[in-house]
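Encoded as structure tokens, the structure appears first; notes follow it.
Values reported hereafter were calculated over all heavy atoms of this structure, with side chains retained and with hydrogens, waters and symmetry mates removed.
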Amino acid sequence: MAQDSLRGDAGRTPPQGSDHSPSEAWTVLSHLITGILVFGGLGWVLDALLSTRWFLLIGLLAGGAASFALIYIRYLYVPPDPPRPGEPAGPEDRKEQHG
């Protein structure tokens with residue numbers, strides 16, 4: 001019993017319906033850090049070559065935005081269900097049925 005309390009979350013099962021693993025959290029974090037570092041590094045190089053100061057800021061912001069977009073598309077985006085056979089596929093088909 002005392003050893004169970006020392007294990008932390010290792011002995012617990014994830015709640016029902018949760019299909020996320022701890023490795024996904026590390027993957028998301030690595031996407032965030034990598035995007036910011038890569039685009040920020042490109043901005044830093046451009047700043048050094050062109051003797052400017054604003055490419056670094058643009059690179060950091062673009063890297064953060066690209067990272068968030070990748071994470072959203074990969075982990076959070078749920079595509080809409082395809083239409084079932086015999087049902088209208090979109091608003092255009094619905095208008096044709098009613099009018």
Side-chain angles (χ1 to χ4, degrees):
M1 289 284 255
Q3 289 178 349
D4 290 339
S5 64
L6 295 176
R7 291 191 317 189
D9 291 339
R12 298 182 189 164
T13 58
Q16 292 292 337
S18 173
D19 56 353
H20 302 293
S21 67
S23 65
E24 285 182 359
W26 288 108
T27 304
V28 167
L29 182 64
S30 68
H31 284 313
L32 281 173
I33 293 171
T34 302
I36 292 171
L37 287 177
V38 167
F39 281 86
L42 289 174
W44 179 72
V45 168
L46 284 174
D47 278 341
L49 290 174
L50 302 174
S51 299
T52 60
R53 292 178 140 172
W54 48 276
F55 279 115
L56 174 61
L57 177 63
I58 291 173
L60 291 172
L61 292 174
S67 296
F68 278 113
L70 174 68
I71 291 166
Y72 176 77
I73 291 169
R74 188 165 187 186
Y75 293 104
L76 300 175
Y77 177 70
V78 178
D81 292 332
R84 295 182 204 149
E87 288 186 5
E92 300 83 23
D93 293 337
R94 290 188 195 111
K95 288 179 187 175
E96 291 174 9
Q97 274 188 343
H98 296 295

Kindly list each side-chain donor-acceptor pair under 3.5 angstrom involving residues 48-61, sequence neighbours excluded, with atom names and distances?
from	atom 1	to	atom 2	distance (Å)
Thr52	OG1	Asp47	OD1	2.6

Show the atom names and distances, to 0.1 Å, of all donor-acceptor pairs under 3.5 Å that link a side chain in residues 33-44 to residues at least two apart or in another chain.
from	atom 1	to	atom 2	distance (Å)
Thr34	OG1	Ser30	O	2.6

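Evaluation of the side-chain contact (heavy atoms from CB on, under 4.5 Å) rule for Leu32 yields Ser67, Phe68, Ile71 as partners, not counting sequence neighbours.
The hydrophobic clustering, which links ILVMFWY residues whose side-chain heavy atoms are closer than 4.5 Å, places Ile73 and Leu76 together.
Listed here is the closest heavy atom pair of Tyr77 and Pro80: OH-CD, 3.6 Å.
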